[in-house]
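This report concerns only the one structure given below.
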Amino acid sequence: MTIRLRLTLLYSTILGFVLLVFGISLYFFLQFYIFNDLKKSLREQTDLIQKNVAYQIERSPNGWNLFFRLDDFDAVGSGIFMQITNFTSGYTTKSSNLWNVDLPFSTEDLQKKKEGFYSSVSIHNSPFLIYSDPLILNGKIVGVLQAAYNVGVITNFLSSLQWILVMLSVFVVLLAMFMGWFFSRKALKPIYTLINATKNIKNSEDFSTRINHKGPQDEIGLLSETMNSMLERIDSIYGELEQSSVIQRKFVADASHELRTPLTTISGNAEFLVKLMKSLHQKLYDLPEKQEIEISLEALNDITDESLRMGRLVNDLLSLARADGGFQINKEVYELQPIVETVIRKSEFMPKSVEWAVGNMESLFGIYILADRDYLQQLLFIFIDNAFKFTYQGSVKMEFERIGNKIGLFIKDTGIGMDKDELNHIFDRFYRADSSRGKTPGTGLGLSIAKWILDEHEGFVEVTSSKGKGSIFKIWLPIYTGTRI
């Protein structure tokens, strides 16, 4: 069932129910009002005549009888029939408009109620409403005064009104259904427009398309705006997925390229050693024994170096895989100074060709941070090792500064530096500046890992560099203040 049909049936049902309640209320209100007014008129007429009734005792051949004398018996309202029945004489007095019709009454009801009451009877197939009021003399009912009205016209009117209300209600409901069905299509036209626009977007798979709604900012306008926001979000997600796919393909290609080199070296040296061992077993003395041993040692050294390099690469790839998988570092509260001192001490033994200096460490006194000790040391080693690798002459210096609730660890070098364009990519995976490719060993994953560790510690890094003049890496970490960050 469509929304259009459901809406039509809904408000047609509501309208029909309202008309039903209105019709029933109107019918019973008119019935109550008319009959109540009629009963009031009948009672007022009997009360008026009751006051003017004169009781008279006369002698007759059968003895003494009670008579009622009324001079203005016919001075009653139009259409009202009056009748007095004398119980002692059995004589009945009627108004002139009653003719030869007798108004019935129940003696039993008179004796039981002893006051006026209403009754509905049919006389000559005509409905009458009769009010019967007992005439009491000395505490004894001696007669009954009755006022009646022919309610045939009223019942016919109410019956006609009933059919008119029923037929009019049915007509109005049918008309409302027709007009509702007609106008609901116009009211739902914006929704059909949205449906068609959505279908077109689905078929074209172009999520950059937006729904063009021309109309007031009503529910349809809000729906259009919501759908446009959803399409914008979907388009953004698709873009991120596409970018992620490109990065993943590039990552696989770069990783394959980086792994191919050490594997080729290891494989080549291993084959060389195998051939050399075979030649030794065959007692070929083309080379002096000492030279053979030196060549073997060089091959073994190459295998060892490339194995270590591949091990570092695999560890770096594992760290990045953890980062991509949503791995979260478990952090505890540590004093920062002992961690930095450990890093500085171990940095003395790292391979370098420049001077290594450390500035004043007073800023680190009493500083606590929420961190993982091992990952934080790895973070500092990555930046320091990078400074040593890309600084061929001059110095590398580490300084410290506290600003507000942040502590800064600065690593300054006088190395080859970078252009502004290169600064935007230094944290990309496998990225290495063109000037350093082939000259400086490395895989281009260190800074990517460092950026992930820094993000996990809710810190950030500021980089300034100038080509040929060196670089400054300012690492900022939040200071632990007693509440978990």
Side-chain angles (χ1 to χ4, degrees), residues 1-21 172-252 320-329 331 370 405 423-425 427-429 431 448 451-462 476 478 483-485:
M1 185 181 294
T2 62
I3 295 179
R4 182 184 178 188
L5 180 58
R6 278 186 287 178
L7 286 175
T8 303
L9 292 178
L10 177 62
Y11 52 66
S12 297
T13 302
I14 294 174
L15 178 60
F17 177 76
V18 171
L19 289 176
L20 178 65
V21 173
V172 170
V173 170
L174 292 177
L175 181 62
M177 289 181 65
F178 172 76
M179 296 186 67
W181 178 261
F182 178 77
F183 286 107
S184 61
R185 179 176 181 84
K186 184 177 181 180
L188 295 174
K189 185 177 180 180
I191 294 182
Y192 291 122
T193 303
L194 289 179
I195 294 173
N196 294 330
T198 306
K199 286 182 178 179
N200 293 333
I201 293 173
K202 184 194 73 171
N203 295 331
S204 64
E205 296 184 358
D206 183 10
F207 295 102
S208 62
T209 306
R210 296 294 178 263
I211 297 173
N212 186 17
H213 173 70
K214 297 179 180 179
Q217 196 65 10
D218 52 6
E219 289 80 359
I220 304 298
L222 292 176
L223 178 60
S224 302
E225 184 178 347
T226 303
M227 292 183 68
N228 283 332
S229 300
M230 182 183 67
L231 289 171
E232 184 177 354
R233 178 58 179 159
I234 292 175
D235 188 32
S236 175
I237 292 175
Y238 264 69
E240 292 175 0
L241 290 175
E242 182 65 26
Q243 184 179 2
S244 175
S245 178
V246 172
I247 294 174
Q248 184 178 10
R249 291 195 297 268
K250 184 177 183 300
F251 175 79
V252 172
L320 293 175
R322 288 177 176 176
D324 293 338
F327 175 78
Q328 293 183 345
I329 297 176
K331 294 175 284 187
L370 192 64
N405 60 348
L423 290 178
N424 297 326
H425 303 284
F427 295 106
D428 295 344
R429 298 176 185 182
Y431 178 80
S448 299
K451 183 66 168 58
W452 168 65
I453 297 174
L454 197 58
D455 290 340
E456 285 293 310
H457 287 79
E458 300 183 13
F460 61 95
V461 60
E462 297 175 349
W476 294 97
T483 56
R484 194 173 183 85
I485 301 175

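Note that these values count all heavy atoms, side chains included, but never hydrogens, waters or copies made by symmetry.
In this structure, the side chains of His457 and Leu370 stay at 4.5 Å or more apart for every pair of heavy atoms.
Other residues, nucleotides and ligands contribute only 12 or fewer heavy atoms inside 6.0 Å of the CZ atom of Phe178. More than 12 heavy atoms of other residues, nucleotides or ligands sit less than 6.0 Å from atom CE of Met230.
Closest heavy-atom contact between Ser12 and Ala176: OG-C, 4.4 Å.
Checked options Leu19, Leu15, Val21; the residue passing with Phe17 is Val21 (criterion: side chain to side chain contact (heavy atoms under 4.5 Å, CB included)).
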